[in-house]
Structure formats: structure tokens, C-alpha cells
Number of protein chains: 2
Amino acid sequence: MNLAVDNRLPRYQRLRDDLAARINRNEWRPGDPIPSEAELGAHYGVAIGTVRKAIDQLVSDGALERQQGRGTFVRRARFNSSMFRFFRFQSESGERRVPQSRILRRKSVPATSAVASALRIAVGEPVISLSRLRLIDDVPLLAEEIWLQKSRFEAILALATSEFGDLLYPLYENSCGQIVVSADEILTVEIATEMQSRLLRLEANAPLIMIERLAFDLERRPIEWRRSRGPADRFRYHAEIR
Amino acid sequence: MNLAVDNRLPRYQRLRDDLAARINRNEWRPGDPIPSEAELGAHYGVAIGTVRKAIDQLVSDGALERQQGRGTFVRRARFNSSMFRFFRFQSESGERRVPQSRILRRKSVPATSAVASALRIAVGEPVISLSRLRLIDDVPLLAEEIWLQKSRFEAILALATSEFGDLLYPLYENSCGQIVVSADEILTVEIATEMQSRLLRLEANAPLIMIERLAFDLERRPIEWRRSRGPADRFRYHAEIR
DNA sequence: TTCATCTAGTCATCTATATGAATTTAAGAA
DNA sequence: TTCTTAAATTCATATAGATGACTAGATGAA
């Protein structure tokens, strides 16, 4: 097996990219072990140290996880505390609870120019548009609009929206094999439109926080674009800068 | 030279911690090269691969930077785009400019319980309290309250506040040898008090964004606590989640 | 002086190997 | 069967050394 692509890049980089592509291509399912370091080394014709360096990167990208003595596994969607990795909108008291999730609308539409430019596809390409309301103790917390490339997320059109569950990223992994590993968010404040204030049960012209998120797979291609809006007075957002 | 501390930890970890402590202790100034990998290996009695693994961590922590062919250097405060690493409050148009900075007040006070608990020191310990206004084109953008451990930041009491410049972290590095490498931020929305609205030239009861930041050194000890408030309608915050 | 070349020092990449730690599997004993 | 033990497998740590790329400084030629 050879690692072509770009011979100017070091081997561990090309190997990392090749493994990333194989994971994205669902050659192994989440939870499955990838071949052992020795096997990969033999297969690609590189030393184990080089394999480890490539795997190191994918581990720190969150795509793989190692277990000493067992093997290296494709990360599976976790339902423990780390599921909040991407949920930074905390409840008023500061503790983090899984908000309920209610899908209001799901449809397949052609990409508008804004959606196309965010997802880096052509205008008019088919995308899946979701509208979702997230609540804690039945009080609306966030109104979300979500856009997905149809070609990658075809599978969620077949599911009943009632079976989506409260978190989308595990659904993306389990049903569509799409792993979100990083995201960019931009936060701004706006004034609620009449429709928004009705949906979130606010008085007219209440200030809203708008969170615009672009989520990437491990090849850093954008796979989801979303806009979440919530009442500013209940807003509490935590970020770590490094 | 030996690496005691905790023999259960791997050598590259103990080496990383020892180097981190030496950097924090200002054994080398920002911009200075640390000894070469070969020298460090000989000095600590470990292989170069182990030295590189320790340095790798400090580089990804932002404490060191490598330059192939030249050496490995203690990171110095940069005045290029990366100075925005910790300045996430963008101007209205989205481009990032260095805001002017005006120190309104500087005094040495005993730590209140809130300050002490944030900085993890005892109540009543002496801290330096700064009050600062940041402006773009002479329009107030942020009002900041900042608390620093006095023992670490003694040096900035000797400086004229007019010589602080527009950014504090370079000042911390150059005058006090304190390097900020990571931070936690919590964002909330509040209503401006009368004093705040006067300071920021807003109408009464205008919504404010409050950014509470705890900044850490490379041994992950808190060294600065600050609260920044700015008009919500000019707010634009960018975060990367990984 | 100016420019090109050489050389030594440094980090970057890569290989090869050895030992330890954690886990799984299989064989064997009760 | 059930439990214990041993072996095999896998990742984790560490060493040693080779080659390449880049930099800075010295040398020498024009």
C-alpha cells in the first residue's frame, strides 16, 4: 500500500489523512477497532512510530480513542458528560442538563446562497432543513434552524422525527456515519421578531442571543450549519480558550 | 540532573512539568532560546525523543515555539493577529482591531471572597485591582474590572498607567514574567446600572454582555480574573470548539 | 563590498528495537 | 463446570541513531 497524494507532505501527515478519509468513508463503524499499529505499519510500509504519530493526531482530533492492551477504536457518540462538548448554552443556574428536543419541521430544499456558502456547496444543491425547539422543564430555551447536505444525511429523512432523541450529533453518527469533531461559533445579540417571541414565549422586542454554528468533520469539511436563538436573560455560555 | 517529583509519572511528563516550572520561574525570558534538545537530553539524562515529547506539549500549550534550524524559544507576546487569541469581542463590522485602552483606576486592595475564590487565594490576601475602559474610534466598547495577585504582579504597580499600552497580556509578560496560556470565559447578559450606562454612554437599562474570564498560566494556576461589560448590540464573539 | 559557498548547529522526520502495562484468549487444574 | 494461570496481543514508554531541512556565521571569490 502506498501513500501518494502529495509526496511533499511527511508520511505521518499523509497517513493521518488517509486514515481520516477511511474513517469518514465508514470503513470502520464507530466503536470498531482499527487495525493494530503493527498491522498498519506493515500495510502502509512505515515504521510503528510513524503510525503512532498519525494516530496521535486523530486521537487529539477526537476521531479515535486508544485503549491500552485492547486496541484503537473509532470514537462513538458518548452519552456521558462529554456530550456537552458542543452544548455550551447552560441553564440559568449554571448546571448543564440535556434539554428536551422537539422537531418542528423537516424538509428537503435547495440551498440558498447563504446556506450554500456556509456549507461550501453550490447554490441550489439539495439540503435538509430542520427546525427545532429545545426546552428545559417545558420552558423554551432555544429555537434552532439547521441545514445539512442532503447527500450525506439522506438517512435521517427516513426516520420519524419523533425518534430523533434529544441530541442530534449521536444521531448523525449512528444513522449517517457523520462525525462532528469541531465547530466555529459566532455569537451576536438581536431583537426577537414577532414569530420568534411567540415561539420562545417572550414579550415583543425582547433581546435574543443568536448562535451561528458551523460544524466540521475530521477532514474539516463543513457538514452542518445552524442558527440557534434564545432569550438573552437566560443566556449563559461557557468557552475555553487555549 | 534528576527528575524526581513523582516517579509514577512517565519521564516526558515530569520533564514537561520541570520545564514549565523553569519557564514560569523566568529562567529564560520570552524570546530567549531554551537549551537545544541534545543539551536537555544530556542534562536530564533522557533520550532526545523524550525531550521532544515534553517540548511538544509545551508548544501545544503555547509556552514555547520551535524554529527549525534555529532553536526552541519561549513564546513572546505577539503583536500580530494572534494577539486576538484572547480578545474575542469583535468590532461591529466583524474585523478585528486593537481597541484603545484607558486605565481608569489602579489600586492595591485585600481580596474579597469572590476574588479570592476565583484566584484560589485566601480572603484578604493583597490583590491589584484595575479598572479599564476599552474604546474603538473613541467609542466605549468594554468596561473592565481586573484582579491580579499582588505577589506576582508587583511590578505593574511601579509603572505609570499611561505606559500600559493597549494590551495587558504583553505587559504581564514583559514586566512581570507572567504568561497567560489559557482561559475560561462565561458569558451572560445583564442590564446596565446607571454608572455603567454613563461609562459606556448608553441609555439607562440597556442590555449588556458580561464576560467573566479566568486566565491561567502554564501550570494551570489562575493568575488573572476579569469582568468585562459591553453594549449587547455591538457584541460579536467568536469561539472555536474542538 | 557583494555574492556565493561551505560548515556547524538545530529542529523535523523516520526507522528500528526493547521493555512495560493492560487486556484478551486459551490451556489446564480443581 | 469454574477458576487459575500462562501466553499472546496491543498500546505506552523510552532509547539510539540516521537523514533531511533550515539557519547563522565564516570563508573566499569576484
Side-chain angles (χ1 to χ4, degrees), chain A residues 1-20 22-23 28 30-76, chain B residues 1-20 22-23 28 30-76:
Chain A
M1 184 66 185
N2 58 337
L3 286 170
V5 184
D6 183 351
N7 276 65
R8 290 165 306 179
L9 287 175
R11 291 189 190 169
Y12 69 88
Q13 270 297 349
R14 285 178 282 157
L15 180 51
R16 182 261 173 219
D17 292 344
D18 193 72
L19 291 174
R22 290 177 73 180
I23 296 166
W28 309 288
D32 280 358
I34 66 170
S36 76
E37 297 172 349
E39 279 179 83
L40 288 171
H43 180 258
Y44 286 100
V46 299
I48 292 201
T50 307
V51 175
R52 281 188 68 80
K53 201 159 175 180
I55 292 180
D56 278 345
Q57 289 199 15
L58 291 166
V59 169
S60 84
D61 288 341
L64 296 175
E65 54 187 10
R66 302 182 135 118
Q67 282 183 255
Q68 188 178 351
R70 299 223 310 135
T72 302
F73 301 82
V74 177
R75 212 202 78 236
R76 51 157 39 107
Chain B
M1 185 65 184
N2 59 337
L3 285 171
V5 184
D6 184 350
N7 278 66
R8 290 165 307 180
L9 288 174
R11 291 188 193 171
Y12 69 86
Q13 270 296 350
R14 286 178 280 156
L15 180 51
R16 182 258 172 222
D17 291 344
D18 194 72
L19 292 175
R22 290 176 73 179
I23 295 166
W28 310 287
D32 280 357
I34 66 170
S36 76
E37 296 172 348
E39 279 179 83
L40 288 171
H43 181 257
Y44 285 100
V46 299
I48 293 202
T50 307
V51 175
R52 280 187 67 82
K53 202 158 175 179
I55 293 180
D56 278 346
Q57 289 200 16
L58 290 167
V59 169
S60 85
D61 288 341
L64 295 176
E65 55 185 10
R66 300 181 139 120
Q67 282 183 254
Q68 188 177 352
R70 299 222 309 135
T72 302
F73 302 80
V74 177
R75 212 203 77 236
R76 54 155 38 108

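Just so it is clear: chains get the letters A, B, ... in the order the sequence lines come, proteins before strands, and each one is counted from 1.
The shortest distance between the side-chain N/O atoms of Y12(B) and the OP1/OP2 oxygens of dT13(D) is below 4.0 Å. Side-chain nitrogen and oxygen atoms of K53(A) include at least one within less than 4.0 Å of the OP1 or OP2 phosphate oxygen of dT13(C).
D56(A) meets the side chain to side chain contact (heavy atoms under 4.5 Å, CB included) test with R66(A); sequence neighbours excluded. A search for side chain to side chain contact (heavy atoms under 4.5 Å, CB included) contacts involving A42(B) returns nothing, not counting sequence neighbours. Evaluation of the side chain to side chain contact (heavy atoms under 4.5 Å, CB included) rule for A47(A) yields T50(A) as partners, not counting sequence neighbours. With sequence neighbours excluded, no residue forms a salt bridge (Lys or Arg N to Asp or Glu O under 4.0 Å) with R70(B).
Taking atom CD1 of I48(B) as the reference point, atom P of dC14(C) lies 17 Å away to the nearest angstrom. dT13(D) atom P lies 14 Å from atom CG of L15(B), rounded to whole Å. Straight-line distance from the CD1 atom of I34(B) to the P atom of dT10(C): 12 Å, rounded to whole Å. Regarding Y44(A), its OH atom lies at a distance of 19 Å from the C1' atom of dT13(C), rounded to whole Å. One atom, CZ of R11(B), and another, P of dT19(C), lie 14 Å apart when rounded to the nearest Å. The interatomic distance linking E65(B) (CD) with dA12(C) (C1') rounds to 16 Å, in whole Å. Between the CD atom of E37(A) and the P atom of dT17(C) there is a distance of 16 Å, given to the nearest Å. With rounding to whole Å, E39(B) atom CD is found 9 Å from dC11(C) atom P.
Checking dT15(C), dT10(C), dT15(D) against every side-chain atom of S36(B), the shortest atom distance belongs to dT10(C). Considering only the side chain of R52(B), dA12(C) comes nearest among dT10(C), dA12(D), dA12(C). Picking from dC11(D), dT13(C), dC11(C) the nucleotide with the shortest atom distance to the side chain of T72(A) gives dC11(D). You'll find that the side chain of T50(A) is closest to dC14(C), out of dC11(D), dC14(C), dT15(D). Listed candidates were dA12(D), dT15(D), dC14(C). Nearest to the side chain of R66(A) is dA12(D).
For the atom pair NE2 (H43(A)) and CG (L40(A)), the distance works out to 8.0 Å, reported to the nearest 0.5 Å. Distance check, rounded to the nearest 0.5 Å: CD1 of I34(B) to CZ of R22(B) gives 8.5 Å.
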statement: Going 5' to 3' through nucleotides 21-26 of chain C and flagging B where a protein heavy-atom sits under 4.0 Å of the base, S where only the sugar-phosphate is that close, and - otherwise, we get BBSS--
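Applying the salt bridge (Lys or Arg N to Asp or Glu O under 4.0 Å) test to every pair with at least one member in residues 38-55 of chain B, sequence neighbours left out, gives these pairs: E37(B)-R52(B).
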